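First, the structure itself, so that you have it in front of you.
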Amino acid sequence: MSLIVQKYGGSSVADAESVKRVAKRIVETRKAGHDVVVAVSAMGDTTDELLDLAQTVTPLPEPRELDMLLSAGERISMAVLAMAIKGMGYDAQSFTGSQAGMLTDAHHGAARIVDVTPVRVRKALDAGAIAIVAGFQGFNRDTMDITTLGRGGSDTTAVALAAALDADICEIYTDVDGIFTSDPRVVPKAHKIDTITSEEMLELAAAGAKVLYIRAVEYARRHGVTLHVRSSFNTNEGTLVINPK
Ligand code: ADP
Ligand code: ASP
Ligand code: MG
């Protein structure tokens with residue numbers, strides 16, 4: 001039996017139907033006999049909508065309060081996803097970033113992970129449950145405040161969980177079939193890459209390929225986590241991001 005970490009981006013959980021589709025996919029993985037830990041992003045454009053909301057009440061929202069607000073997006077998706085899985089007859093438990101032991105520095109809006117202590121996630125797995133963790137958010141032990149990891153930060157949540165739990169693979173589910181030579185929505189001739197090193201991926205990300213958050217790629221390289229970037233809308237093989245010795 002292996003331990004698989006799966007990350008579902010906002011585009012994969014944009015509405016209730018999508019949440020159910022993703023829940024089904026997670027249950028299939030569990031049925032195949034794997035332990036499953038899921039990092040989930042906020043539904044659809046929720047984070048942008050929350051940012052707009054903050055802007056309408058004040059032009060320069062206080063960073064601490066902004067993180068409190070933005071972290072609500074992932075709290076919604078983790079709970080509805082866990083409910084959907086439970087509704088299918090499988091055990092699931094959702095956890096906020098702080099409950100999952102995602103410890104960060106105190107830098108609101110762009111916090112860096114300093115330690116991961118996923119005791120409760122491990123306990124949930126040991127009890128046979130699927131663990132659903134809110135992406136993009138953490139907790140600082142000195143200030144005791146909620147932090148966020150920067151836009152796209154749910155990728156880092158998934159990679160950090162995979163490293164801390166010594167997962168066999170970290171699957172990043174998104175709305176394209178994998179990593180392409182250029183953004184496939186902008187360059188129709190771009191072609192899918194089967195395997196790429198994290199080093200090469202860092203260059204793509206630095207050049208603006210937002211398919212993976214650059215800090216997540218750095219984290220994966222540092223901790224030797226293999227990523228499989230693939231579509232949540234089909235079962236095609238995606239792109240492997242490897243770390244050759
Ligand atoms: P998610 O909501 O799953 O986190 P993102 O929007 O953050 O998804 O990232 C996926 C998007 O990244 C794709 O829809 C695609 O338009 C864009 N993208 C940019 N560059 C690339 C690339 N080189 N390969 C694949 N996708 C890319
Ligand atoms: N919801 C956050 C964002 O929109 C984090 C993520 O999606 O990875 O940036
Ligand atoms: Mg993303």
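Computed from a predicted structure; not experimentally measured. Whatever order the structure lists ligands and atoms in, that order sets their numbers, starting from 1.
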Rounded distance [0.5 Å steps], CG in Leu69 versus CG in Leu51: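 Leu69 CG to Leu51 CG: 7.5 Å, rounded to 0.5 Å.
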Nitrogen or oxygen of Phe136 less than 3.5 angstrom from that of ligand 2: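 There is no such contact.
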Over all atoms of both residues, closest heavy-atom pair of Leu70 and Glu74: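 Taking Leu70 first and Glu74 second, the nearest heavy atoms are O-OE1, 3.6 Å.
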Modelled atom types, side-chain donor and acceptor of Glu171 and Gln6, under 3.5 Å: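 Their side chains do contain a donor-acceptor pair, which is all the 3.5 Å distance test asks for.
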Nearest non-hydrogen protein atom, atom 4 (O) of ligand 2: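 Protein heavy atom with the smallest distance to atom 4 (O) of ligand 2: Arg151 NH2, 2.9 Å.
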Distance-only side-chain donor-acceptor flag, Asn243 / Ser198, under 3.5 Å: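 Indeed, the side chains of Asn243 and Ser198 share at least one donor-acceptor pair under 3.5 Å.
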Any side-chain donor near an acceptor of the partner, Ser2 and His34, under 3.5 Å: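 Distance-only check passes for Ser2 and His34.
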For ligand 2, the portion of Ser41 having any non-hydrogen atom under 4.0 Å away: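 Near ligand 2, Ser41 shows its side chain, while the N, CA, C and O stay back.
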Minimum-distance protein heavy atom relative to atom 1 (N) of ligand 2: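 Sorting protein heavy atoms by distance from atom 1 (N) of ligand 2 puts Glu74 OE2, 2.7 Å first.
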No-hydrogen, no-angle side-chain donor-acceptor test under 3.5 Å, Thr147 and Asp67: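 Checked: Thr147/Asp67 side chains show no N/O donor-acceptor pair below 3.5 Å.
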Atoms of ligand 2 close to Gly153 [distance to a heavy atom under 4.0 angstrom, numbered from 1]: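 So the atoms of ligand 2 that pass are 5 (C), 8 (O).
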Gly135 near ligand 2 by a heavy-atom separation under 4.0 Å: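 Contact check Gly135 vs ligand 2: negative.
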Minimum heavy-atom distance between Ala160 and Val116, given as atom pair plus value: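 Between these two residues, the closest heavy atoms are CB-CG2, 3.9 Å.
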Lys NZ or Arg CZ of Arg21 over Phe233 ring: under 6.0 Å, within 45°: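 Yes, a cation-pi geometry.
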Stacked cation flag Arg215 on Tyr213, 6.0 angstrom / 45 deg: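 No; the conditions do not both hold, so Arg215 does not lie above the ring face of Tyr213.
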N or O contact, Asp155 vs ligand 2, cut-off under 3.5 Å: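 Checking ligand 2 against Asp155, no N or O pair falls under 3.5 Å apart.
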Distance-only polar pair, side chains of Asn234 and Asp177, donor-acceptor under 3.5 Å: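 Yes, side-chain donor-acceptor contact under 3.5 Å.
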Atom 6 (C) of ligand 2: nearest protein contact (heavy atom, Å):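 Of the protein heavy atoms, Ser154 OG, 3.3 Å lies nearest.
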Sorted by chain and number, the residues that approach ligand 1 to under 4.0 Å with a heavy atom: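 For ligand 1, the residues that come within the 4.0 Å heavy-atom cutoff are Lys7, Gly9, Gly10, Ser11, Tyr173, Thr174, Asp175, Val176, Gly178, Ile179, Phe180, Ser182, Asp183, Pro184, Arg185, Ala209, Lys210, Val211.
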